[in-house]
Peer 1: 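My questions all concern the structure below.
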Amino acid sequence: MDVSHLLDELNEAQREAVTARDGHVLVLAGAGSGKTRVLVHRLAWLIQVDHVSPLGILAVTFTNKAAGEMRERTGQLLQVSTRPLWIGTFHGIAHRLLRMHWKEAGLPEQFQILDSEDQQRLLRRIIRDEGMDEAHWPARQAQWFINARKDEGERPQHIEHLDHPVTSTWVHIYRLYQDYCNRGGLVDFAELLLRAHELWLEQPDLLDHYRKRLRHLLVDEFQDTNSIQYAWIRMLAGSTGRVFVVGDDDQSIYGWRGAKVENVQLFGRDFPDVMTVRLEQNYRSTGNILDAANALIAHNQSRMGKNLWTAGESGKLIQLYTAFNEQDEARFVVDQLQQWLDSGRRADDGAILYRTTAQSRLFEEYLLRENIPYRVYGGQRFFERTEVKDALAYLRLLLNPNDDAALERVINKPARAIGEKTVSFIRLQARESGLTLWQAANECLSQGKFATRAGTAVAAFIRLIEDMRERMKDWTLGNQMQGAIDDSNLAAHYEKEPRERMETRFENLRELVNAADAFILPQEDAEAGLDELQSFLSHAALEAGETQGESWDDCVQLMTLHSAKGLEFPLVYMVGMEDGLFPHQRSVEDAAGRLEEERRLCYVGMTRAREQLVLSYAEIRRMHGSENFCRPSRFIDEIPAEYLEEIRPRTSSRQPWVSARPSPVRGGANTEWPFRLGQVVAHPKFGEGTVMSFEGSGEHTRVHVNFPAIGAKWLVLAYANLQAR
DNA sequence: TCCATTGACGTTTTT
DNA sequence: CGTCAATGGA
């Protein structure tokens with residue numbers, strides 16, 4: 001068979017990976033080195049050359065977008081249907097397994113997926129019911145604890161150090177929460193993975209079946225896998241499966257949410273005969289950008305090592321702008337973008353990348369003022385909107401009235417005289433008898449435990465749900481959706497809101513009905529035994545949809561560095577390049593490789609740029625209400641000067657502060673600061689440290705000093721007794 | 001039950 | 001400074 005069309009468009013390293021004959025393959029794919037291309041060609045190669053049945057291949061990604069792209073491009077390349085191929089996200093695949101084997105997994109058939117908002121609300125509820133102080137035991141932290149444990153594959157009984165009072169409290173909450181979920185048939189995101197893993201652990205026959213069927217496993221973004229995902233892959237592979245993973249340890253930026261870069265190294269140890277292929281030729285950026293990025297990332301100690309190169313030109317130098325303050329920074333970026341547009345380039349060629357979401361505000365303001373169209377990534381997704389989740393909660397109750405999360409959400413929405421008092425009474429009953437809220441409410445009714453008015457209201461709600469279920473059981477999904485919105489009279493609830501808000505809500509509800517109308521039960525969901533409604537609800541949870549229906553075309557792109565991963569733009573601004581902001585203070589303080597992860601984030605940002613990269617930082621930034629004197633990011637210092645071109649602010653003579661680069665900032669006209677930023681000072685107790693910033697004035701002046709031994713500390717200048725060195 | 005004021009807090013995000 | 005959630009008076 002002629003396979004030249006599969007190989008022609010690949011370079012040597014890519015070809016080596018795609019055509020690997022046996023064993024496992026680890027592809028270390030640098031930024032812009034054609035990672036997706038390799039994955040897609042590998043799929044095609046397996047099918048067309050090795051004649052592997054598409055049914056025997058599983059390809060896993062992290063995001064729905066990546067999964068869709070892989071399926072799409074594979075279809076284009078192969079010119080055959082990709083439907084039999086199992087391509088999906090870890091969560092999507094775990095979900096499908098659990099649907100097919102709900103009995104073996106110990107789940108009710110109508111189990112529902114809990115998104116993180118649902119999860120947090122449920123936890124807040126539990127913590128309150130326990131009579132615990134929410135300020136001391138925030139639901140957010142409980143959520144973090146539980147998900148982190150689940151990501152490590154741990155159940156409450158597996159967690160040690162129960163003698164530690166804080167840990168044991170969280171374990172207690174974990175246990176209560178899991179009981180709630182089990183009673184109501186609720187599965188959170190982490191639980192999907194953990195259950196899927198346990199399913200195989202406890203059902204060797206089932207595992208064996210899948211091992212025999214799925215001989216080829218492909219994993220995208222391997223550096224982002226967490227412990228349970230890695231364990232899941234290992235288990236499925238067994239000793240017969242062949243695993244092909246693609247990743248880049250230098251682009252691992254999700255350690256804080258459980259990703260384990262170590263898995264990249266572990267892979268070579270845990271799997272025998274791993275062939276490692278490095279993709280280092282970059283097809284995206286200019287030489288200068290790549291050289292600068294290489295130099296930066298070389299400062300990381302723990303890496304597998306890689307050096308990007310390009311056959312293209314070295315291109316323009318990286319521009320560095322020292323802004324007077326954050327307004328000046330925004331003004332500079334927006335002015336330059338305007339020039340870019342004036343020169344005939346497109347707005348969506350440009351991207352502004354920042355470390356924290358809050359930074360977008362000022363740029364939006366200036367872009368708006370200059371009438372430059374822009375789009376902010378992130379933010380709320382369609383299926384996460386309040387009104388959408390409210391309407392879906394009614395449908396969830398039709399399927400599974402024991403869904404406490406859904407019931408809590410809508411039992412009094414719109415107001416139907418079931419106030420906090422009645423609800424907490426039901427909760428108490430449920431807790432005492434180990435029932436779900438729905439069961440407890442029915443119980444209370446039949447035993448006449450409610451006061452007359454409350455009883456009538458609760459009975460009416462129960463009847464509402466049961467009538468809906470009865471009436472709508474044969475309706476189309478779209479009609480069910482519309483019916484649920486109408487019968488519940490949700491509109492009454494939003495009508496009390498401000499006009500504009502109400503209108504958006506109604507608009508979104510109409511869109512929801514449209515989405516339900518247009519929904520086609522996917523074949524794979526049908527195979528897993530789902531009906532339309534179940535499938536629709538699962539989709540709503542697993543792929544929350546586009547951020548906005550907003551027009552996508554020709555807008556400047558604003559996003560965090562994290563969300564920029566995987567994207568590319570001709571013109572990239574990395575703004576707020578200041579120590580404390582980027583790298584973020586929290587990452588500098590916590591030890592344990594956090595700084596290296598920040599550096600990787602910087603590397604990710606730089607390698608998004610195709611033609612021109614612009615870095616900027618502000619000398620003074622207002623944060624949390626007070627002015628901060630900033631030091632340029634250490635990452636700027638790590639980029640060799642030969643790749644940088646400094647752009648001076650307009651008229652430097654008018655400025656009260658001298659630029660921090662190359663010489664450090666000086667107190668200038670202000671004599672209140674006896675030290676320079678970056679100066680080494682000595683503290684009687686903490687030893688020597690570096691001055692990072694000042695805050696406040698007069699006797700309130702505080703100074704931020706980084707002590708190598710103990711970390712960074714804020715000191716009140718008047719008391720600290722610091723000596724210059 | 002509702003809006004308005006107050007207060008706490010202040011990385012990163014997908015599923 | 002700006003946001004969000006919780007509290008409390010009408």
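Letters A, B, ... mirror the listed sequences (proteins, then strands); counts begin at 1. Computed over heavy atoms, backbone and side chain alike; hydrogens, waters and symmetry mates excluded.
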Peer 1: Identify whether any heavy atom of R121(A) sits under 4.0 Å from a base atom; if not, whether one sits that close to sugar-phosphate; answer base, sugar-phosphate or nothing.
Peer 2: nothing

Peer 1: Using O4'-C1'-N9-C4 for purines and O4'-C1'-N1-C2 for pyrimidines, with syn meaning within 90° of 0, is dT11(B) syn or anti?
Peer 2: syn

Peer 1: Among all residues two or more places apart in sequence or in another chain, which pass the ring-ring contact (aromatic ring centres under 6.0 Å, His included) test with F582(A)?
Peer 2: F635(A)

Peer 1: Within the 4.0 Å heavy-atom criterion, would you say R257(A) contacts the bases, only the backbone, or no part of the nucleic acid?
Peer 2: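 Base contact.
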
Peer 1: Could you work out, with ring-ring contact (aromatic ring centres under 6.0 Å, His included) as the rule, every residue matching W256(A), not counting sequence neighbours?
Peer 2: Y254(A), H562(A)

Peer 1: Check this for me: does any side-chain nitrogen of one of R631(A) and E578(A) sit under 4.0 Å from a carboxylate oxygen of the other?
Peer 2: no

Peer 1: Would you please name every residue forming a salt bridge (charged side-chain N to carboxylate O under 4.0 Å, His left out) with E329(A), sequence neighbours left out?
Peer 2: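 For E329(A) the salt bridge (charged side-chain N to carboxylate O under 4.0 Å, His left out) partners, ignoring immediate neighbours, are R621(A).
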
Peer 1: Can you list everything that forms a salt bridge (charged side-chain N to carboxylate O under 4.0 Å, His left out) with E152(A)? Sequence neighbours excluded, please.
Peer 2: K260(A)

Peer 1: By the 4.0 Å heavy-atom rule, please label E598(A) as base, sugar-phosphate, or nothing.
Peer 2: base

Peer 1: Between D188(A) and K150(A), is there a side-chain N and carboxylate O pair less than 4.0 Å apart?
Peer 2: yes

Peer 1: So where does chain A start and stop touching DNA chain C, 5' to 3', when the test is distance under 4.0 Å to a non-hydrogen atom?
Peer 2: dC1(C) to dA6(C)

Peer 1: Want to settle it: does R416(A) or S563(A) sit nearer the 5' end of DNA chain B, counting the closest nucleotide to each?
Peer 2: R416(A)

Peer 1: Quick one: label N147(A) by what it contacts on the DNA or RNA (base, sugar-phosphate, nothing), any heavy atom closer than 4.0 Å.
Peer 2: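 Since no nucleic acid heavy atom lies under 4.0 Å of N147(A), the category is nothing.
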
Peer 1: Just jot down the salt bridge (charged side-chain N to carboxylate O under 4.0 Å, His left out) partners of R505(A), sequence neighbours excluded, or say none.
Peer 2: E387(A), E497(A)

Peer 1: Once ring-ring contact (aromatic ring centres under 6.0 Å, His included) is applied, do any residues pair with H584(A), and if so which ones, sequence neighbours excluded?
Peer 2: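 Expected list: none.
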
Peer 1: Determine the contact category for S116(A): base if any of its heavy atoms lies under 4.0 Å from a base atom, sugar-phosphate if only primed atoms, P, OP1 or OP2 are that close, otherwise nothing.
Peer 2: base

Peer 1: What integer number of Å spans the P atoms of dT12(B) and dA5(C)?
Peer 2: 15 Å

Peer 1: Give one of base, sugar-phosphate or nothing for D115(A), where a contact means two heavy atoms less than 4.0 Å apart.
Peer 2: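 The answer is nothing, as D115(A) stays clear of every strand by at least 4.0 Å.
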
Peer 1: Check salt bridge (charged side-chain N to carboxylate O under 4.0 Å, His left out) between R396(A) and all other residues, then give those that pass, not counting sequence neighbours.
Peer 2: D118(A), D403(A)

Peer 1: Does E597(A) or F189(A) map to a spot on DNA chain B nearer the 5' end, using the closest nucleotide for each?
Peer 2: E597(A)

Peer 1: On DNA chain B, which is the earliest and which the latest nucleotide, 5' to 3', with an atom closer than 4.0 Å to a heavy atom of chain A?
Peer 2: dT1(B) to dT15(B)

